[in-house]
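For reference, the structure is listed below as structure tokens.
What you see below is based on every heavy atom in this structure, not just the backbone, and it leaves out hydrogens, waters and symmetry mates. Computed from a predicted model, the values in this text were never measured in an experiment.
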Amino acid sequence: MGTKVGLWIDHRKAMILAVTDKGEEIGLIISKVEKQLRRSGDSPLKGPYESQRVPEDDSRQRTFTGQLNLYYDAVIASIGNAESIMIFGPGEAKGELKKRLERDNLGGRIASVETVDKMTDRQIAAKVRQHFAE
């Protein structure tokens with residue numbers, strides 16, 4: 001039996017449960033992605049210098065995307081040797097990671113992608129065990 005990996009992921013953290021012949025290993029990757037900032041429509045800084053005080057949306061988006069890419073690179077490095085990968089989580093991160101895996105020619109290893117709500121560590125482990133027991 002090769003390594004089978006269950007991965008619960010959102011933009012804040014990734015919990016990785018690897019199931020091998022020797023047992024289970026649990027890993028955690030915490031993202032350094034800052035929450036995406038929004039520009040407010042009604043700024044109290046109305047005046048000639050308002051545009052210089054607030055960073056442009058482009059630079060914020062580039063920073064956010066760069067941080068996400070580093071986070072996904074770390075996740076892919078930790079699951080790269082998996083034979084089968086189950087990806088699940090609450091938000092967009094699972095779909096974004098799936099696209100990255102497909103781009104890196106690892107898409108064939110994806111067993112499933114599911115949308116689930118927030119889960120405790122025990123619930124995540126139980127879900128992965130149940131999936132790979134089938």
Side-chain angles (χ1 to χ4, degrees):
M1 174 173 114
T3 303
K4 297 180 189 293
V5 171
L7 172 66
W8 185 94
I9 187 166
D10 67 6
H11 284 155
R12 296 182 193 275
K13 73 174 184 174
M15 182 172 168
I16 302 159
L17 181 73
V19 181
T20 63
D21 293 333
K22 298 173 186 166
E24 298 176 355
E25 292 180 30
I26 296 176
L28 183 66
I29 298 176
I30 303 295
S31 126
K32 293 187 176 25
V33 176
E34 292 182 27
K35 193 172 179 181
Q36 221 170 352
L37 301 172
R38 304 202 187 282
R39 286 177 75 115
S40 62
D42 293 331
S43 172
L45 303 172
K46 303 287 186 204
Y49 301 108
E50 192 267 335
S51 63
Q52 294 175 357
R53 294 178 187 238
V54 180
E56 290 185 30
D57 287 337
D58 279 358
S59 68
R60 287 184 187 186
Q61 186 61 42
R62 277 195 304 275
T63 301
F64 180 73
T65 303
Q67 290 171 340
L68 266 183
N69 285 335
L70 291 173
Y71 172 53
Y72 291 147
D73 288 343
V75 171
I76 290 170
S78 67
I79 64 171
N81 64 347
E83 177 183 292
S84 180
I85 304 167
M86 170 194 181
I87 304 171
F88 56 108
E92 298 171 5
K94 63 188 174 302
E96 294 167 356
L97 182 66
K98 179 181 181 226
K99 286 180 186 173
R100 288 283 302 268
L101 287 167
E102 289 169 347
R103 190 184 75 199
D104 295 345
N105 297 321
L106 298 171
R109 299 181 187 180
I110 299 172
S112 67
V113 178
E114 297 178 34
T115 300
V116 296
D117 205 5
K118 297 210 181 274
M119 300 173 80
T120 65
D121 293 353
R122 287 184 178 205
Q123 289 172 322
I124 292 168
K127 182 170 183 64
V128 172
R129 280 188 212 107
Q130 177 186 356
H131 177 79
F132 287 119
E134 297 170 354

query: Which salt bridge (Lys or Arg N to Asp or Glu O under 4.0 Å) pairs, counting each pair once, include a residue from residues 87-98, with sequence neighbours left out?
result: Lys98-Glu102
field: Test item: Leu101 and Arg109 side chains (from C-beta on) under 4.5 Å apart, heavy atoms
entry: no
- line: Applying side-chain hydrogen bond (donor to acceptor under 3.5 Å, both in side chains) to Glu114 and not counting sequence neighbours gives Lys127
query: Does Met15 belong to the same Ile/Leu/Val/Met/Phe/Trp/Tyr cluster as Val116, with side-chain heavy atoms less than 4.5 Å apart forming each link?
result: yes
- request: Answer whether the closest heavy-atom distance between the side chains of Leu17 and Trp8 falls below 4.5 Å.
  value: no
query: By side chain to side chain contact (heavy atoms under 4.5 Å, CB included), which residues pair with Ala14, not counting sequence neighbours?
result: Leu7, Ile9, Ile29, Tyr71, Val75
task: Please tell me if the side chains of Ile26 and Asp121 come closer than 4.5 Å, counting only heavy atoms from C-beta onward.
output: no
- request: Working to the nearest 0.5 Å, report the span between CD1 of Ile87 and CD1 of Ile16.
  value: 11.0 Å
- prompt: Going by the angle between their ring planes, with limits at 30° and 60°, are Tyr72 and His11 parallel, tilted or perpendicular?
  reply: tilted
query: Do Ile76 and Leu97 have side-chain heavy atoms sitting under 4.5 Å apart?
result: yes
field: Straight-line distance of Ser112 OG to Met86 CE, nearest 0.5 Å
entry: 4.5 Å
task: Flag the pair Thr3 / Glu83 as yes when at least one side-chain heavy-atom distance between them is below 4.5 Å, and no otherwise.
output: no
field: salt bridge (Lys or Arg N to Asp or Glu O under 4.0 Å) against Glu24, all qualifying residues, sequence neighbours excluded
entry: Arg129
query: In chain order, what residues pass the side-chain hydrogen bond (donor to acceptor under 3.5 Å, both in side chains) check against Arg100, with sequence neighbours excluded?
result: Asn69, Asp73
field: Within-4.5 Å side-chain heavy-atom neighbours: Phe88 and Met119
entry: yes
Glu25 atom CD: more than 12 heavy-atom contacts under 6.0 Å: no
task: For the pair Ser84 (side chain) and Lys4 (backbone), establish whether a donor and an acceptor sit closer than 3.5 Å, ignoring hydrogens and angles.
output: no
- prompt: Which residues satisfy the salt bridge (Lys or Arg N to Asp or Glu O under 4.0 Å) test with Lys118, sequence neighbours excluded?
  reply: Asp10
